[in-house]
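Just below is one structure, and these are the notes that go with it.
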Amino acid sequence: MERYDHRTIEPRWQKFWADNDTFATDTDRSKPKYYVLDMFPYPSGSGLHVGHPKGYVATDVVARAKRMQGFSVLRVMGWDSFGLPSERQAVREGKHPSEITERNIGTFKGQLSGLGLSYDWGRELATSDEKYYRWTQWIFLKLYEAGLAYQADVPVNWCPALGTVLANEEVKDGKYVETGDPVERRSMKQWMFKITKYAEQLLDGLDDLDWPEGVKQMQREWIGRSEGAQFAFSVADSDASFEVFTTRPDTLFGCTYAVLAPEHPLVDSVTTDAQREAVAAYRTRAANMSDRDRTSQAIDAPKTGCFTGAYCINPVNGDKVPLWIADYVLASYGTGAVFACPSHDERDHAFAKTFDLPIVEVVSGGDDVQAAAYIGDGPHVNSGFLDGLDIDAAKTKIIAWLEENGHGKGTIQYRLRDWLFSRQRYWGEPFPLMETEDGEIVPVPESDLPVKLPELMDFQPTADGRPPLARAEEWAKTTTPDGRPAMRETNTMPQWAGSCWYYLRFISPNNEEAAWDTEEENYWMPVDLYVGGTEHAVLHLLYSRFWHKVLYDLGLVSTSEPFQRLFNQGMIHSMSYNDSPDGRGKFYYPNEVEEKGEGWVAKADGREVFTKVMKMSKSRYNVTNPDDMCERFGADALRLYELFMGPLEDGAMWEDSGVAGTRRFLDKANRLAHGDNVVDGPVENKDVERALHLAIGKVSDAIQSLRFNTAISEMMIFVNEALKADKVSKLWLRDFVRILSPFAPHLCEELWRGLGETETIAFAAWPEVDESKLVVDTITLAVQVNGKMRATVEISATASKDEILEAAKTSPKITKYLEGGTLRREIVVPGRLVNLVITP
RNA sequence: GCGAGAAUGGCGGAAUUGGUAGACGCGCUGGAUUUAGGAUCCAGUGGGGUAACCCGUGGGGGUUCAAGUCCCCCUUCUCGCACCA
């Protein structure tokens with residue numbers, strides 16, 4: 001018995017699990033529950049590489065162990081299958097997106113099923129399935145009815161070549177990051193969600209979640225709560241006034257000018273004739289920059305701006321200060337207008353220096369404010385009734401003054417913006433809304449859901465610039481429930497929509513009467529463990545939380561947060577080969593290059609190539625396909641290696657030879673179980689039993705902590721120990737096979753039968769650690785002299801301090817140190833070491 | 001620029017949270033075996049030295065009987081955020 005034949009046993013057990021519905025979700029509601037969820041994938045055309053299943057394998061180990069520990073486990077997989085890439089792939093191939101999507105899902109599912117993941121496939125769902133998006137539309141109606149959806153004219157990133165609006169993160173330097181097509185700013189009527197209304201709740205809810213601190217922090221920063229004051233400046237010689245927001249109202253006496261965003265509605269009316277041309281030119285320039293470009297500049301970027309010719313009045317002292325426009329003031333934040341205090345704000349300071357505006361110190365304690373803004377604290381000066389106060393006290397006082405005098409009030413601002421929810425694309429959920437001829441928005445009645453996507457093959461916008469759904473003229477024509485003619489909404493929802501609530505649908509995916517079953521929701525929610533990549537740290541997780549909180553407020557779900565514990569698995573990297581040192585040239589497959597001297601060259605033409613460890617990606621020619629690994633080493637070895645590489649949250653570099661290593665371990669385990677020295681009864685062997693129970697403990701802990709790498713190494717140590725033993729007890733094997741089974745389920749099902757069992761190992765009871773087996777009789781104690789290791793002594797684990805010292809001092813290697821000096825101090829750490837302090 | 005995290009053999013990583021640094025695995029070296037090409041098994045493997053010993057956790061200081069671990073300074077890298085008033 002050498003190596004086991006994974007090509008035979010893995011398909012056999014996968015078939016067994018499928019035939020027996022082994023992983024159908026437990027229906028016993030008296031058991032404790034465990035809902036473990038993977039962030040479901042977008043089924044792209046390129047299939048999976050070995051980086052994708054890392055998280056899935058981790059959750060599978062947890063799910064399998066939890067079943068053995070007596071939990072009802074919800075373990076499911078689905079597809080985030082709406083989205084632009086499928087639409088584009090469809091255009092390229094001349095096929096319908098539904099066909100492309102179906103094919104891609106087939107590829108993904110095939111690849112995943114080869115890994116032996118214990119999903120309840122009876123609960124599989126796809127967001128592009130009308131049975132699913134019917135309920136996405138239903139939830140949209142709930143939000144709409146709650147007054148959280150509204151239409152607004154907003155400046156968007158319009159890409160004429162694609163005929164669609166792009167998200168801010170898809171645009172860089174005025175171009176679509178994927179294709180380089182130019183993107184322009186255009187004001188369009190869009191559907192928005194009032195996520196800002198939930199800013200405070202989204203912030204507060206974070207406190208009680210078991211999430212990585214970094215992710216919580218990112219969400220906090222994204223929401224960006226800041227406390228300050230909002231108050232009015234009036235425009236001199238005019239009735240007009242504008243509101244400003246500031247977090248530093250205490251510096252109001254240092255205001256030497258004010259700035260409006262170029263898009264501010266007041267700009268036209270306040271600009272003087274003399275400045276009109278310059279202002280118009282500046283506004284045009286600003287309008288052509290995307291939000292991203294405007295905000296992605298460093299704080300010390302050169303400042304630009306334009307004087308309006310108008311002046312405004314500082315409410316606190318009546319000073320008349322010039323009113324400018326500048327693109328460093330954002331229309332979309334706060335009130336789109338600020339007062340400037342160049343002495344104590346770096347941006348204002350840079351602007352003042354550029355345009356030679358005065359700088360007046362109002363907080364003392366810094367250096368010369370003419371040279372640099374002073375941000376620190378200190379007594380206020382030149383500030384009338386604020387003089388002498390520190391920042392906090394001055395803030396309180398000025399806010400009270402503003403309120404008393406009717407100029408404004410203390411407020412809270414959030415950086416979070418409302419959520420732009422509509423897209424001009426085909427492959428997404430249609431909105432369940434229609435518009436009558438006189439412009440009234442009417443929701444589609446729930447009983448008429450789903451609003452199905454019309455069959456189209458042309459996904460370009462119409463000639464007059466309406467979204468692709470407007471091409472389905474018959475589809476778009478409809479009537480309101482009370483019989484008036486109406487047109488359907490032709491925008492579609494963004495990809496986030498389907499992923500916002502899929503964890504709820506998994507609870508009762510085949511329910512035709514409701515989005516989810518209330519009792520079942522009560523039992524399963526919240527998700528106990530949610531595993532996925534950090535790329536979703538903000539948007540997906542924030543949007544989901546928002547929807548969930550709305551549903552909670554509507555009494556539709558039982559928890560205020562959807563995901564109790566979040567874990568981010570690290571990315572898998574791999575060596576890439578490129579003929580340009582900056583990685584921008586041609587990539588080569590690993591088999592196209594060879595090592596030569598210090599570097600690498602292309603085999604074909606001897607051209608120098610540069611190596612760099614990069615994220616796995618098809619475009620970098622550095623992906624490893626899990627199918628290949630399953631074929632060569634087996635799914636069990638692949639699963640084990642994914643988790644053995646290092647801590648789950650860290651990135652790690654892929655090496656095929658590592659899979660060979662975990663395979664060797666499995667072969668050893670198999671050999672151990674089939675050795676001719678295996679006996680039925682107990683075997684006295686303290687070393688092996690200790691190793692076994694250490695492994696049981698470590699693996700049990702790993703299920704909680706998700707620290708699998710060291711748990712696997714502990715199992716390796718057990719196998720190495722047991723292979724040295726004269727006799728191997730089946731009792732050891734019964735424990736060992738059970739703790740290994742979540743990692744290597746195929747082989748362990750096989751070995752479990754070999755131990756005389758007839759039922760699947762999937763529900764075998766989880767072994768307990770026997771503390772008495774961990775106790776050792778003798779320990780190896782380190783003996784140090786002046787902190788340096790000089791000897792070790794073998795001694796009874798129960799030896800007293802005196803006995804330990806005696807043994808240490810009489811150790812042959814130690815006596816010479818004692819003879820050569822004076823013993824000053826003796827430190828004994830029981831079970832660890834002895835340190836003798838000796839001076840010559 | 002700001003914030004967070006990290007730096008340990010040729011490589012991935014361990015180290016009971018102040019107590020024998022380098023577990024486990026990869027790779028490498030030697031050996032065994034082979035129906036030989038990539039398999040399997042056994043042994044060795046931080047560096048230096050014949051040795052006793054010496055040196056070693058990014059660099060420099062410090063605390064301590066004892067520092068990878070705690071404190072201060074510096075360097076480098078990764079990840080967020082990036083004119084949010």
Side-chain angles (χ1 to χ4, degrees), chain A residues 2-3 212-215 217-218 221-222 224-226 228-229 244-249 251 258-259 261 292 294-303 326-330 332-341 344-348 350-351 413-417 534-535 537-538 568 570-571 573 632 640-641 644-647 649-662 664-665 667-668 671 707 709-717 719-720 723 780-792 813 816 824-838:
Chain A
E2 286 294 328
R3 314 186 69 201
E213 268 317 307
V215 176
Q217 199 48 39
M218 281 162 72
E221 280 166 14
W222 190 266
R225 181 183 200 273
S226 40
V244 296
F245 172 75
T246 178
T247 54
R248 289 294 302 275
T251 61
V259 190
R292 182 84 176 180
R294 273 178 58 183
T295 59
S296 68
Q297 295 175 46
I299 194 161
D300 52 3
K303 294 287 180 286
D327 67 1
Y328 83 91
V329 174
L330 305 174
S332 53
Y333 182 76
T335 59
V338 301
F339 81 78
C341 175
H344 304 288
D345 182 284
E346 287 177 280
R347 297 151 302 185
D348 297 342
F351 191 87
Q413 274 291 333
Y414 299 93
R415 197 168 173 144
L416 183 68
R417 313 291 157 89
T534 351
E535 64 272 23
V538 176
N568 296 122
M571 204 106 56
H573 305 269
R632 282 171 63 194
L640 219 33
Y641 178 60
F644 185 60
M645 295 176 80
E649 64 268 37
D650 291 352
M653 160 117 167
W654 185 267
E655 304 265 17
D656 288 0
S657 56
V659 191
T662 52
R664 263 193 286 278
F665 160 64
D667 279 323
K668 281 195 204 175
R671 193 145 40 90
R707 298 175 68 86
N709 52 331
T710 50
I712 292 167
S713 105
E714 214 68 40
M715 290 193 284
M716 289 172 166
I717 293 170
V719 169
N720 291 343
L723 280 170
T780 308
L781 207 67
V783 184
Q784 297 182 337
V785 175
N786 296 330
K788 294 198 177 194
M789 253 283 289
R790 294 301 178 190
T792 57
K813 286 185 173 173
K816 64 176 179 189
R824 300 283 180 197
R825 205 169 155 184
E826 299 160 338
I827 290 128
V828 180
V829 183
R832 302 256 123 233
L833 56 63
V834 173
N835 189 13
L836 303 174
V837 183
I838 298 169

To the nearest angstrom, how far is [X] atom [atom1] from [N] atom [atom2]?
X        : N     : atom1 : atom2 : answer
A:Arg824 : B:U64 : CZ    : C1'   : 18 Å
A:Asp656 : B:G38 : CG    : C1'   : 12 Å
A:Tyr333 : B:A82 : OH    : P     : 13 Å
A:Tyr328 : B:A85 : OH    : P     : 13 Å
A:Lys813 : B:C53 : NZ    : P     : 6 Å
A:Gln217 : B:C81 : CD    : C1'   : 11 Å
A:Leu416 : B:C81 : CG    : C1'   : 15 Å
A:Asn786 : B:U64 : CG    : C1'   : 13 Å

Given side chains that start at C-beta, do those of [X] and [Y] come closer than 4.5 Å, heavy atoms only?
X        : Y        : result
A:Lys668 : A:Asn720 : yes
A:Val783 : A:Arg790 : no
A:Val837 : A:Ile827 : yes
A:Val659 : A:Trp654 : yes
A:Asp345 : A:Arg248 : no

Between [N] and [M], how far apart are the two [atom1] atoms, rounded to whole Å?
N     : M     : atom1 : answer
B:A15 : B:U57 : C1'   : 11 Å
B:C28 : B:G10 : C1'   : 8 Å
B:A23 : B:C71 : P     : 28 Å
B:A6  : B:C72 : P     : 15 Å
B:G30 : B:A14 : P     : 31 Å
B:G22 : B:U34 : C1'   : 35 Å
B:U20 : B:A66 : C1'   : 12 Å
B:C55 : B:U8  : C1'   : 16 Å

For A:Val259, the option from A:Val244, A:Asp327, A:Val329 that meets side chain to side chain contact (heavy atoms under 4.5 Å, CB included)
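For A:Val259, the side chain to side chain contact (heavy atoms under 4.5 Å, CB included) check succeeds only for A:Val329.
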Donor-acceptor contact below 3.5 Å, side chain [X] vs main chain [Y]:
X        : Y        : value
A:Tyr641 : A:Ala660 : no
A:Asp650 : A:Gly570 : no
A:Asn786 : A:Ile838 : yes

Measuring from atom [atom1] of [X] to atom [atom2] of [Y], what distance do you get when rounded to the nearest 0.5 angstrom?
X        : Y        : atom1 : atom2 : answer
A:Gln784 : A:Arg832 : CD    : CZ    : 11.5 Å
A:Thr662 : A:Asp667 : OG1   : CG    : 10.0 Å
A:Thr246 : A:Gln413 : OG1   : CD    : 11.0 Å
A:Thr792 : A:Leu781 : OG1   : CG    : 9.0 Å
A:Ile712 : A:Phe644 : CD1   : CZ    : 7.0 Å
A:Asn835 : A:Glu826 : CG    : CD    : 10.5 Å

When you check every protein heavy atom under 4.0 Å of nucleotides 43-50 of chain B, what one-letter string (B, S, -) results, 5' to 3'?
--------
A correct 5'-to-3' footprint of nucleotides 16-31 of chain B, with B, S and - meaning base, sugar-phosphate only and no protein heavy atom under 4.0 Å, is B--BB--BBSSS----
When we call it a touch if two heavy atoms are under 4.0 Å apart, what does [X] touch: a base, just sugar-phosphate, or nothing?
X        : value
A:Gly228 : nothing
A:Arg790 : sugar-phosphate
A:Lys816 : sugar-phosphate

A:Arg415 vs B:A85: side-chain N/O to OP1/OP2 distance below 4.0 Å:
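The answer is no; no side-chain N or O of A:Arg415 sits under 4.0 Å from OP1 or OP2.
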Just to confirm, is there a sub-4.0 Å distance from OP1 or OP2 of B:C65 to any side-chain nitrogen or oxygen of A:Arg825?
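So the side chain of A:Arg825 is within the cut-off, an N or O lying under 4.0 Å from OP1 or OP2 of B:C65.
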Could you classify B:G46 for me, syn or anti, using a glycosidic angle within 90° of 0 as syn?
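Because its glycosidic torsion lies more than 90° from 0, B:G46 adopts the anti conformation.
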Sort me out a list of protein N/O and nucleotides 77-79 of chain B N/O pairs below 3.5 Å, or just none if empty.
none

Residue A:Val837, side-chain atoms from C-beta onward, closest of B:G12, B:C65, B:A85:
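In terms of side-chain proximity for A:Val837, the closest of B:G12, B:C65, B:A85 is B:C65.
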5′-ward residue of the pair A:Gly651/A:Asp348 relative to RNA chain B:
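The answer here is A:Gly651.
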Output one line per pair: protein atom, nucleotide atom from nucleotides 55-57 of chain B, and distance, for all N/O pairs under 3.5 Å.
{"from": "B:C55", "atom 1": "OP2", "to": "A:Lys788", "atom 2": "NZ", "distance (Å)": "3.3"}

Writing each nucleotide of RNA chain B 5' to 3' as (, ), [, ], | or . by Watson-Crick or G-U pairing under 3.5 Å yields (((((((..(((......[....)))((((((.......))))))(((....)))..(((((..]....))))))))))))....
Tell me, please, which residues at least two apart from A:Phe351 pass ring pair (Phe, Tyr, Trp, His ring centres under 6.0 Å).
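Testing A:Phe351 for ring pair (Phe, Tyr, Trp, His ring centres under 6.0 Å), a comparison that skips the adjacent residues, returns A:Tyr257, A:Trp324, A:Tyr328, A:Phe355.
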